[in-house]
Structure formats: C-alpha cells, structure tokens
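All values derive from a computational prediction rather than experimental measurement. In what follows, every chain begins at residue 1, and chains take the letters A, B, ... in the order their sequences are listed.
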Amino acid sequence: MSETQTLHAAFAAKIDAVLEALEAEAVLPAGVSRSNVTVEPPRDPSHGDLATNAAMVLAKQAKTNPRALAEKIVEKLSDDPLIDAAEIAGPGFINLRLANANWLREIGTIAALKGDYGRSVRGAGRTVNVEYVSANPTGPMHMGHCRGAVVGDALAALLEYAGHTVIREYYVNDAGAQVQTLARSAHLRYREALGEDIGEIPEGFYPGDYLKPVGQKLADEFGDAYVAAPESEWLGLFREKSVAAMMDMIRADLAMLGIHHNVFASEAELQAAGKPEAAEKWLRAHDLVYDGVLEAPKGKTPEDWEPVELPLFRSTRFGDDQDRPIKKSDGNWTYFGADLAYHMQKAEKADELIDIWGADHAGTVKRIKAAVAALSEGEGKPIPFDVKLVQMVQLLRGGEPVKMSKRSGNFITIADMVEEVGKDVVRFTMLTRKPEAQMDFDFAKVVEASKDNPVFYVQYAHARIASTRRKAAAENIHPADDSLDLLGEAELALVKLAAQFPRQVEAAAQAREPHRIAFYLYDLAAAFHAFWNLGNDDPSKRIILSDKVNLTQSRLFMADQIGQVIRNGLALLGVEAVEEL
RNA sequence: GCGCCCGUAGCUCAGCUGGAUAGAGCACGAGACUUCUAAUCUUGAGGCCACAGGUUCGAAUCCUGUCGGGCGCACCA
C-alpha cells in the first residue's frame, strides 16, 4: 500500500486480494467474475465501517452457501492489523470494523493529495468523447439547452477525474436549411443597417434582435455590395459570417456557465470532406443501406405524404421500428445521414462515445445507436455508445410558469438566467436532480439564500471552515497534524464520510451520473454543520479551544480536509467553493 | 395507435446498477443563539415505494401487463 493510496482503494484491493487467494486455493473456481462484488459502508453504521457482499455474490459460483464462503473470507481478513473485527451478518454480509488508525491516516492522505483526492485511474486513460450542447447556430443559448450543457460538462469533468481522457465536443449544424434561413435573416438586418426600412420581419425568418449587430458588421465589412445582388452571390458568404457570429455568441454564453469545449465539429466541413458518402458506400457494401420506400406514418398521415424511393438504413435490424432515410428526395443528406457519418468520425479518435440530448430527441436515439452499432461492429471494434437524455425543465417564477414565445424571439436565454441567479446556482440546481426526471426551476426559490437551496448550504459549510481557520489564525493557532490521535468519535465520523468521496466519484463515473456528487456533498455539508453545532451544547466540542492548542490544531487540520473534499467535489460540478458568504 | 422517460412522506426529491429496519429538505409539532457565521443544529409525527402478477436466498430497484403524467412519432433539426 503506497503512502497516498486512499482508504477506499486500499480496502477494495484487500478484498480483491483475498478472493484472488481463494481462487488460487480452488475454493473459488478459476476466472470467477468479481464484477458484482462491492465494498461499501453499510447504511446502518452499527454494522461497521465497511461491508462486502462478496460471499453472497460468489457463493453460487463456488457451489457453496454464502455463510460458509464468508467464513473462509473472514479467516483471511481477521489477522489484518488494520481491521479490528470482521463479522458475518444477515444472509452473508461481511462487516468490517476498521481500526481508528485508518481514519487518522486518511486525514493525512487527503492533505497529501489535495485536489487529487478522489481522482481515480479506473478509466485507464480510455478516451471518451462527450458531445453536448450542440445547439443550432441560429441564435443565443436559451433555457432548453441549459440542463444538457451543465450535465454534459459535469459528466465530462467527472469522467476525466475518474481517469479517462475526455474530448468535450460540440457538433455545429451549419449545413442545413436552418442556417440558410439564418443567412437570409442576416441579409435583412444587413439591409436594415444600411438604412433601409425592412418593416416587420416576415414569417420564416429569425426575428430576434441579436441579428442586428450581425447585419451591422456585414454592412461595415461589405458596404452595399450585396444589397441588390442575387441570393446566389451572398448566401454562402452570409451563412459563413453569421454562423461564425452565432458561434461566438454561443461560446460566450457557455463561458458564463463555465463551459468550454475542446472540439467544435462542423457539419459543413464533414460534408465537404465527403464523409457521408464514404459511410453510405460502406453501408451499401454491407447491405445496411438499400433504396426503398417508407411506409406512411401510422396514427396521423400528413396530407402531403407520398411514397418516394430513398436510400434507407436498415435500423430495424438493430431494434428500430422503421428503416430510416439518410438522404432526402432533393439529394441532400438528412440530419440522420450526416449524423451517422459524424459519429463515425468521432469514433476514429475515441474508445467510447456519449451524446447528451434533450428529451425531445428521444425518438431518434434508436436509429443513431443502430448506426453506431452497425458501423463499429462491422469494422470489428464495437464502440460503446451511450445517449443520455436530459428531460425538460419547466421555468417558474413564484410557482407560475414563465411564458416564452419562440416565434417572437422572446425567450429566456442562458445569459438572462446566469445574470439573474448566478452560475453556481444554475449549475448546482441542474445537478441536484437525476437528469432523466423532469424538473422545475423556480427563479424565486433558487435565489433564496438557504431554504430550498442546497448550493448555499454546501458553500456555507466550506465558508465556515475557512472562517474558523481565520478566527484561529487571529489567535495564532494554525492547523497541524502532529497530534491527530487527540481527535474523538465525532471527528472520526466526519472523516469517515469524507473518506467515501473516492468511492462516490468512481460510482458516479461508472453510472455516468454526476448528480450523485451533488447529493454526496450535501450530506457531507450536513454532517459538518451537525458537528459544528455540537459546540453549542458543549463548548468543549468547539473547534477552537484557546487553552488546548494541540487539540485545536488537530481539529483545524481535520476541518481543512473536509473543506478540501468539498472543494474537490464542487470543482467537479463547476461550482465555486467560497471562503465566505 | 406506437416509442422513450417518469410515478417513493402533504410538497420537492435521493435511494450507491438486486442487499440488512426505505432516507433527506420544505411544510407541521417540540427545543437550542452573551456563538468558531442560528444562512445552522437537535427531536417528533408522517410510507401498501401508482396498481397487479412474475424472476430468487432477497425487489423501490430486474421482467410482463394495467393506470396516471411528460416528451416525441416527416425526407424537420
């Protein structure tokens, strides 16, 4: 065990070694799968510090009963000096009571590892591409994008912390009809900037004021050169310029949330490089694309529906309800056709792909998963691919829904939100709910400085620790670790919870669920507040005791490490750890 | 009609990929401020985990069906 191995890692390894040994003794069959074995703190603390289900999970494979197997495991653990007691309980749990030295040592481990306490190598450097946001470059970021942006960003940070190499990617849909509309809308604003009265923005154009500066810039750059020119002369140019302007705006919006992507992948470039053609060719060669006619949609048949022959991808082979067109009848690629090629492109540089989508795209998950399965399995290296859907957020203000109208360009933007309630509130609130459940976001509630608001609660715990340190420093007492053995049960209980952080990181990363970190931090903060308040009833339990310098130094040192864990967790969520409120 | 997500305390939500007696916050009842920040804490009450079957040593968790809520169901993105 190295100096800086976390307690969690050490005991997981210990159990693993025992099982390995039992395998060598043929108590367990060779090559038995240990993936279901867990080592974790039991819910009920009276059951000890750690519990493992190893005996129950492996009993069947070992052709014995759980308790008999548990005895063999306990036998190997009982002479370990770091374990005070190993007991078999219930149906075959093994409960471990750890020597206090473990926890005192863990305080030192946190202090030594600092910002790296909780960092894991579990990901083994495997490259994961997380694609998130990918909002169309036709306007500012609005609320609909916010949750996916925050969840994707926190997930990326979490995976990185868990030992993966992470590519944060944004797919820029700069090739479809929507960006042509953008270009035409920008052309209107361009004429407006040159003094023309354009009146009401017509139906079918983007009406938002955010295009005015774009028009002005185009006017400054090109004068009146394109006012009367045919569309063919300016459409491409204006598209490029206005998309670039939109992306600048989007990047600025994302920066307000603390989000920065590594890669902005252009759909137009993807198409210019002939990637969709290459994908189609490959799929046709493997009989996964054929020319066929779609059935009329069931339930409601559109009036203008007519059967047309199109190149179809056999997504039904992979569980989709219908084969899906990759090209439109006008010869352009469908969104799906290009997206399929795009995923192939992402897979070239990653071992694993994750997409974060809004729930309104749920209907297209099957086809894209089918496509990735087809492309990667066909090439003999299946790429794990996951689409995480984030559900809708309903905006409220004092319980009343906030009205928005997309048509008039009147919607709540991310910039509005961050300005009103702050980045930390937006991020933390979005992360204190599992993404697949719908959520309400009430402007009135999230800014309340305590009640329904976990952000302040967690930050307050961190601020209290900082304030205590300042207060002690004024008395010339500073944190020190040379007499940690003065710490009692109350402190150790807190340390035990903090020691769970590395395990929480691994579990959250494996499940791809950053919200678990938020809930864990809430629990840790609650434990700290409770610890703090012990000093109200019993002054000897206060952290600062002027007449007991050694104990004070130790408590300060311990508290600092709790603060460190809170900082590490908040960093994963992209939330500031403040020194005072 | 079909697909996906959700349904856990009065309300808002967790529940660690199937574990031991299902947990927090708010609200409600009872308490703790000459303080290291009471922006906090202690304590009580509150549950047929939507419903019905199934899988097994064991289910809130997995499977099937029913009911209820949300989202989607073009060659749109």
Side-chain angles (χ1 to χ4, degrees), chain A residues 36 38 40-44 47 51 53 56-57 59-60 65-66 89-93 95 136 138 173 176-178 294 296-300 302 304-305 308 310 320-322 324-330 332-337 339 358-366 389 391-392 394 432-440 442 445 448-454 456-457 459-461 463-465 467-472 475 500 503-504 506-508 510-511 513 515-516 518-520 522-523 526 528-537 539 542-545 552 555-556 559 580-581:
Chain A
N36 289 330
T38 59
E40 57 195 28
R43 277 201 192 108
D44 184 345
H47 290 138
N53 62 356
M56 290 185 292
V57 172
K60 198 172 275 180
N65 68 69
F93 286 101
N95 292 334
N136 283 333
T138 55
N173 298 123
Q178 298 200 357
L294 283 176
K298 285 170 190 161
K300 49 160 196 175
D304 57 348
W305 187 86
V308 185
L310 293 167
D320 202 357
D321 327 312
Q322 202 178 12
R324 304 291 174 175
I326 58 171
K327 254 185 193 175
K328 299 188 262 186
S329 51
D330 66 5
N332 286 317
W333 297 100
T334 60
Y335 182 85
F336 172 61
D339 204 26
D360 50 343
H361 290 76
T364 62
V365 170
K366 276 186 182 171
L389 292 177
Q391 289 289 331
M392 303 285 112
Q394 189 182 19
T432 20
R433 201 129 318 179
K434 55 182 174 189
E436 65 269 26
Q438 291 152 242
M439 75 179 289
D440 292 342
D442 194 319
K445 276 190 186 166
E448 279 176 26
S450 67
K451 291 199 161 186
D452 266 346
N453 202 344
F456 287 95
Y457 188 81
Q459 286 182 323
Y460 181 38
R464 263 186 161 171
I465 291 167
S467 122
T468 311
R469 191 177 46 244
R470 285 194 297 270
K471 166 92 179 179
E475 294 185 32
Q500 286 190 35
R503 199 182 64 81
Q504 293 285 345
E506 284 192 358
Q510 197 181 347
E513 290 179 351
H515 72 274
R516 289 192 194 182
F519 282 99
Y520 167 75
Y522 186 86
D523 287 345
F528 180 78
H529 288 309
F531 171 73
W532 172 285
N533 274 71
L534 292 175
N536 282 346
D537 293 333
R542 291 185 185 175
I543 295 176
I544 300 175
L545 300 171
T552 300
R555 285 182 175 164
L556 285 171
E580 55 190 320
L581 286 180

message = Can you tell me which nucleotide in B:rA14, B:rA39, B:rG3 comes closest to the side chain of A:K366?
response = B:rG3
For atom CH2 of A:W532 and atom P of B:rA39, their distance in whole Å = 11 Å
For A:D320, salt bridge (charged side-chain N to carboxylate O under 4.0 Å, His left out) partners two or more places apart = A:R324
Close side-chain approach of A:L310 and A:S329, heavy atoms under 4.5 Å = yes
5' precedence on RNA chain B between A:G90 and A:R470 (nearest-nucleotide basis) = A:G90
note = Regarding B:rU8, purine or pyrimidine glycosidic angle vs 90° from 0 gives anti
task = Would you indicate whether the side-chain heavy atoms of A:I544 and A:K471 approach each other to under 4.5 Å?
result = yes
d(CG, A:N533; P, B:rG31) in whole Å = 18 Å
inquiry  = Within the 4.5 Å heavy-atom criterion, are A:H529 and A:Y457 side-chain neighbours or not?
reply    = yes
ask   = What nucleic acid atoms does A:A51 come within less than 4.0 Å of, heavy atoms only: base, sugar-phosphate, or nothing?
value = base
inquiry  = Say we look at B:rU12 and B:rC4: how far apart would their C1' atoms be, to the nearest angstrom?
reply    = 24 Å
query = Tell me: CZ of A:F531 to P of B:rC41, nearest whole Å?
reply = 15 Å
Residue list, ring-ring contact (aromatic ring centres under 6.0 Å, His included) with A:H361, at least two apart or on another chain = none
Contacts of A:F336 that satisfy ring-ring contact (aromatic ring centres under 6.0 Å, His included) - sequence neighbours left out = A:F313
ask   = Roughly how far apart, to the nearest Å, are B:rU66 and B:rG23 at atom C1'?
value = 29 Å
Pairing string, 5' to 3', for RNA chain B - Watson-Crick or wobble contacts under 3.5 Å, brackets [ ] where pairs cross, | to another strand = (((((((..((((.....[...)))).(((((.......))))).....(((((..]....))))))))))))....
query = How far does the P atom of B:rA59 sit from the matching atom of B:rC49, given to the nearest Å?
reply = 12 Å
Protein-nucleotides 67-72 of chain B N/O pairs under 3.5 Å:
from	atom 1	to	atom 2	distance (Å)
B:rG69	N2	A:Q438	OE1	3.4
B:rG70	O2'	A:Q438	NE2	3.2
B:rC71	O2'	A:A359	O	3.2

Spacing of the C1' atoms in B:rC57 and B:rG44 (rounded, Å) = 37 Å
request  = Find out whether A:Y335 and A:T364 are in side-chain contact, i.e. whether some heavy atom of one side chain is under 4.5 Å from a heavy atom of the other.
outcome  = no
note = Looking only at heavy atoms, the pair that brings A:T432 and A:A518 closest together is CG2-CB, 4.0 Å
message = Regarding A:N95, tell me which of base, sugar-phosphate or nothing describes its non-hydrogen contacts under 4.0 Å with the strands shown.
response = base
Could you list the protein-to-nucleotides 15-19 of chain B atom pairs, N/O on both sides, closer than 3.5 Å?
from	atom 1	to	atom 2	distance (Å)
B:rG15	OP1	A:H515	NE2	3.1
B:rG15	O2'	A:R43	NH2	3.3
B:rC16	O2'	A:R516	NH1	3.3
B:rC16	O2	A:R503	NH1	3.2
B:rC16	O2	A:R503	NH2	2.8

ask   = To the nearest Å, how far apart are A:F336 CZ and B:rC75 P?
value = 12 Å
message = Tell me whether the rings of A:F531 and A:F528 are parallel (<30°), tilted (30 to 60°) or perpendicular (>60°).
response = tilted
note = A:D321 CG to B:rC73 P, in whole Å, measures 13 Å
ask   = Does any non-hydrogen side-chain atom of A:E580 lie less than 4.5 Å from one of A:S467?
value = no
task = Report the distance from atom CG of A:N332 to atom P of B:rC75, rounded to the nearest whole Å.
result = 15 Å
ask   = Looking at the side chain of A:H529, which of B:rA77, B:rG3, B:rU40 is the nearest nucleotide?
value = B:rU40
ask   = Which whole-number value in Å describes the distance from A:D523 CG to B:rG25 P?
value = 10 Å
query = Does A:M56 reach the side chain of A:N53, with side-chain heavy atoms less than 4.5 Å apart?
reply = yes
key: Residue A:R542, side-chain heavy atoms: nucleotide from B:rA39, B:rC36, B:rA32 that is nearest   = B:rC36
task = Begin with the C-alpha distance, continue with both residues' side-chain angles, and end with the deciding distance and a verdict on salt bridge (charged side-chain N to carboxylate O under 4.0 Å, His left out) for A:E506 and A:R503.
result = CA-CA 5 Å; A:E506 284 192 358; A:R503 199 182 64 81; over 6 Å; no
remark   = Of the candidates B:rC4, B:rA20, B:rC75, the side chain of A:H47 sits closest to B:rA20
task = Take atom C1' in B:rC33 and the same atom in B:rU42, then report the distance between them in whole Å.
result = 14 Å
query = From the list B:rA14, B:rC5, B:rU42, which nucleotide is the closest neighbour of the side chain of A:R433?
reply = B:rA14
query = Looking only at N and O atoms, is any donor in the side chain of A:S329 or the base of B:rC75 less than 3.5 Å from an acceptor on the other one?
reply = yes
message = In whole Å, measure the gap between the C1' atoms of B:rG3 and B:rU56 for me.
response = 31 Å
message = Can you measure A:K60 atom NZ to B:rC57 atom C1' for me and round it to whole angstrom units?
response = 8 Å
request  = Side chain of A:R464 only, please: which of B:rU40, B:rA24, B:rC36 is the nearest?
outcome  = B:rU40
query = Mind checking whether A:R542 and A:T552 have side chains closer than 4.5 Å, heavy atoms only?
reply = no
inquiry  = Taking any heavy-atom pair under 4.0 Å as a contact, classify A:A59: base, sugar-phosphate, or nothing.
reply    = nothing
ask   = Closest heavy-atom contact between A:T334 and A:P325?
value = OG1-O, 3.1 Å
task = Write down the distance separating the P atoms in B:rC76 and B:rC71, rounded off to the nearest Å.
result = 22 Å
ask   = Quantified in whole Å, what is the C1' atom distance between nucleotide B:rG7 and nucleotide B:rC13?
value = 12 Å
